[in-house]
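We name chains A, B, ... by the order of the sequence lines, and we start the count at 1 in each one.
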2 protein chains.
Amino acid sequence: MKNVTIKDIAREAGVSVATVSRVVNNNDTVALDLRQRVLHAIEKNGYYPNLVARGLKKDSTQTIAILIADSSSSEYFSHIIKSIENVICMDNYTLFVCNSLNEKDTELNYLNLLAEKQVDGIIVNVSGFNNEFIAKLSNNIPMVLLHRRISLPNFKGDFIDADFGGSCYELTMNLIENGHRKIGLISGPLFLSSAYDRYVNFKRAMKSIDVEVSSEYKYFYEGPFTTESGYAACERFLTMEDPPTALLIMHCDTTIGALRYFRSHQIRVPEDISFASPCNISLSDLLYVQPNYAMPDTWALGKRAGEMIMDRIKCNNEMINREVCYIPTVIYGNSVKNIHL
Amino acid sequence: MKNVTIKDIAREAGVSVATVSRVVNNNDTVALDLRQRVLHAIEKNGYYPNLVARGLKKDSTQTIAILIADSSSSEYFSHIIKSIENVICMDNYTLFVCNSLNEKDTELNYLNLLAEKQVDGIIVNVSGFNNEFIAKLSNNIPMVLLHRRISLPNFKGDFIDADFGGSCYELTMNLIENGHRKIGLISGPLFLSSAYDRYVNFKRAMKSIDVEVSSEYKYFYEGPFTTESGYAACERFLTMEDPPTALLIMHCDTTIGALRYFRSHQIRVPEDISFASPCNISLSDLLYVQPNYAMPDTWALGKRAGEMIMDRIKCNNEMINREVCYIPTVIYGNSVKNIHL
DNA sequence: TGATTTCGAGAAAACGTATTCTTAAACTTA
DNA sequence: TAAGTTTAAGAATACGTTTTCTCGAAATCA
């Protein structure tokens with residue numbers, strides 16, 4: 001069953017292919033009777049345009065991609081994805097969702113594939129392993145970086161972030177104000193700008209009580225952004241001779257791992273351990289503990305990311321690099337104990 | 001900055017365009033020295049194929065789409081999406097994620113757009129409003145229905161489901177065994193096969209204690225699959241003069257709404273109200289209540305959905321309709337009180 | 001060696017569309 | 001009315017591929 005093409009319509013309506021095209025795109029004037037005949041033939045034969053062919057001709061696929069580590073790990077990215085989709089669908093754009101799994105090769109394969117598929121733009125939460133390649137690619141394909149920066153001079157594109165670093169500072173200061181001194185940090189890989197930024201802010205807060213934080217710091221744990229890593233970190237910290245009284249947990253996935261550790265080991269929050277995390281967890285209002293956490297407006301953030309990539313596409317990538325940062329709201333739950341009392 | 005094309009490579013290597021194509025696809029024999037020259041030119045100029053052009057020629061875009069109500073409402077679909085992506089990316093397929101919002105027009109627009117974009121297949125959780133259109137479309141585009149069936153003779157495609165109906169029966173019987181008689185049903189729209197199926201199973205279970213369930217049933221609530229609807233249902237039930245002692249809540253979103261109602265009104269679970277839901281909620285192990293719920297293997301289900309659509313694509317949609325059903329595991333938490341005690 | 005087959009690679013057509021180019025007709029103006 | 005101008009629509013080209021067709025050369029066989 002062959003699809004009906006513009007040629008079939010032209011034949012049926014007794015006009016040229018060009019005329020049909022003009023009617024379909026109605027961007028050019030065509031006589032009323034011809035237009036009627038064409039529209040009738042379209043209706044009758046159920047014709048619809050082939051956007052692949054149009055894409056080839058017009059050099060635009062009306063497609064953008066989001067490339068992230070794991071679209072299902074938390075509600076955070078689900079919301080951003082939905083929000084981006086909601087923006088771009090206005091212009092009949094559709095969204096490829098691609099998972100890099102934080103793996104060098106997977107990310108690289110996807111970047112190549114997306115380039116080959118001629119996507120009009122890419123929103124990417126970089127793994128950090130292909131930054132040179134991405135910087136180069138950004139000169140050909142409009143790009144928006146999500147949360148993780150690329151500090152290379154030849155990168156061309158926008159950067160959209162939420163100030164989780166600032167939230168880290170605020171949450172850590174709150175731990176300190178509640179009397180905590182032995183505060184563990186469950187960090188992500190420091191070569192990621194997002195993790196490093198939070199690390200720096202934690203360090204800055206700890207400096208206020210004259211604690212020097214470095215990778216030598218007794219209560220420092222560096223691991224990937226996974227639930228397993230959060231679990232393992234807690235295992236290490238809470239079996240120490242002199243365990244920390246509070247934890248700052250950098251990421252929602254590591255926080256989930258930590259909570260699982262606490263619950264399975266009957267460690268009460270906040271009686272036995274306090275914690276805070278600069279990330280929102282899905283359904284945090286219904287968890288058995290209400291964490292102290294920070295939450296950016298993911299809907300607004302995703303919307304902005306979508307708008308930024310669309311801007312950049314519309315002006316053919318000829319635009320200075322922009323940076324946007326959303327300030328998360330810090331929410332205080334009951335996961336921190338005041339140990340002065 | 002024009003992209004380098006197969007022609008540029010041909011000129012550079014001093015061969016014909018056809019030869020370059022043959023090397024790129026290496027599906028045809030070409031002399032070693034020519035191949036070397038071509039490969040060298042490709043390397044030197046950073047050539048990569050234009051998959052839009054290839055798609056036009058080969059009539060295949062290596063793209064499939066998933067069209068669901070809301071990709072961010074629960075972790076359920078996030079996991080399925082990720083799992084599908086994981087399967088199809090093996091063949092260099094990419095996935096469009098599209099949200100119909102359960103709206104007739106939005107769904108219809110997307111279906112048309114996806115057809116125009118020549119996607120190779122569509123996995124769809126239908127809204128129920130465009131079933132005739134979808135059935136017709138299914139004869140041109142390979143389709144897999146997710147959870148919601150289309151009972152039209154001209155539908156062509158597969159159906160993949162999880163037996164939440166069976167779980168409803170089991171969970172309701174459990175409520176009954178725990179002494180409950182006044183059991184409220186928070187239902188979804190009955191014109192959806194998924195909701196209707198659960199309704200029928202609830203009814204069947206209630207029949208065992210001689211309670212007739214119909215839309216006239218005192219403790220019946222029908223509303224959309226949203227948190228707001230779940231909240232409203234609880235409001236209605238729990239302000240009745242003779243409120244139900246237990247609830248069967250059909251959907252994860254309505255369950256979340258219900259939990260929010262309970263918590264904000266200091267209604268204790270299970271002391272004041274018991275409930276069960278044939279759906280898994282994200283992080284249910286970390287909620288303040290452990291619900292009685294059912295959970296299919298979403299990873300396996302998504303994987304199978306991906307495989308089914310790929311099968312269908314590979315055999316050019318010439319295949320009988322298949323039906324697959326996954327049996328959820330029922331998990332008993334502490335959301336049900338035994339009122340015999 | 002001559003006839004036949006195999007093979008490798010270039011030429012050309014095709015995929016479905018948008019758009020430039022061209023031309024004939026309609027309209028304006030003096 | 002003649003010359004110039006606008007306009008509408010068809011013809012033709014192009015987008016970047018794949019693949020069929022064609023043909024000359026090499027290889028096989030009698």
Exceeds 12 heavy-atom contacts within 6.0 angstrom, atom CG of A:N321: yes
Angle by which the axis turns from one end of the helix from C:dT1-D:dA30 to C:dA30-D:dT1 to the other, five pairs per end, to 10 degrees: 40°
In terms of heavy-atom contacts, A:S60 and A:D120 come closest through OG-OD2, 3.5 Å
Classify A:T19 by what it touches in the nucleic acid, base, sugar-phosphate, or nothing, heavy-atom distance under 4.0 Å. sugar-phosphate
So that I can tick it off, tell me whether A:R148 and A:D161 are bridged by a salt bridge, with the cut-off set at under 4.0 angstrom between side-chain N and carboxylate O. no
Counting only heavy atoms from other residues, nucleotides and ligands, does the tally under 6.0 Å from CG of B:N112 exceed 12? yes
Counterpart residues, salt bridge (charged side-chain N to carboxylate O under 4.0 Å, His left out), relative to B:K7 (two or more places apart): none
Which of residues 5-17 of chain A have a heavy atom under 4.0 Å from DNA chain C? A:T5, A:I6, A:K7
Starting at CG of B:N25 and ending at P of D:dT17, how long is that distance when rounded to a whole Å? 10 Å
Got a sec, which pairs hit ring pair (Phe, Tyr, Trp, His ring centres under 6.0 Å) with one end in residues 12-61 of chain A, sequence neighbours left out? none
B:S78: which residues meet the side-chain hydrogen bond (donor to acceptor under 3.5 Å, both in side chains) condition with it, sequence neighbours left out? A:S78
Residue list, salt bridge (charged side-chain N to carboxylate O under 4.0 Å, His left out) with B:R54, at least two apart or on another chain: none
Quickly work out the A:R22 CZ to D:dA12 C1' distance and round it to whole Å. 12 Å
Not counting sequence neighbours, which residues clear salt bridge (charged side-chain N to carboxylate O under 4.0 Å, His left out) with B:D91? List them please. B:K314
Could you report the tightest heavy-atom contact between B:E75 and A:S72, atom names first, then the distance? OE2-O, 4.3 Å
Outer limits of DNA chain C sitting under 4.0 Å from a non-hydrogen atom of chain B, read 5' to 3', are C:dG8 to C:dG16
Please tell me whether B:F96 and A:Y93 form a close aromatic pair, meaning their ring centres lie under 6.0 Å apart. no
Note: A:L113 and B:L51 closest approach over all heavy atoms is CD1-CD2, 3.9 Å
Looking at DNA chain C, which of residues 30-38 of chain B put a heavy atom within less than 4.0 Å of it? B:V30, B:A31, B:L34
For B:Y76, enumerate each residue passing the ring-ring contact (aromatic ring centres under 6.0 Å, His included) test, keeping only those at least two apart in sequence or located in another chain. B:H147
Is there a side-chain contact between B:S21 and the phosphate of D:dT17, meaning an N or O under 4.0 Å from OP1 or OP2? no
If I compare all heavy atoms of B:M308 with all of B:R322, which pair ends up nearest, and what's the gap? O-NH2, 3.2 Å
For residues 45-60 of chain A, which residues have at least one heavy atom under 4.0 Å from DNA chain D? A:L56, A:K57
Separation of D:dT18 atom C1' from A:E116 atom CD, nearest Å, is 16 Å
Mind checking salt bridge (charged side-chain N to carboxylate O under 4.0 Å, His left out) for A:E323 and listing every partner two or more places apart, or none if nothing turns up? A:R149
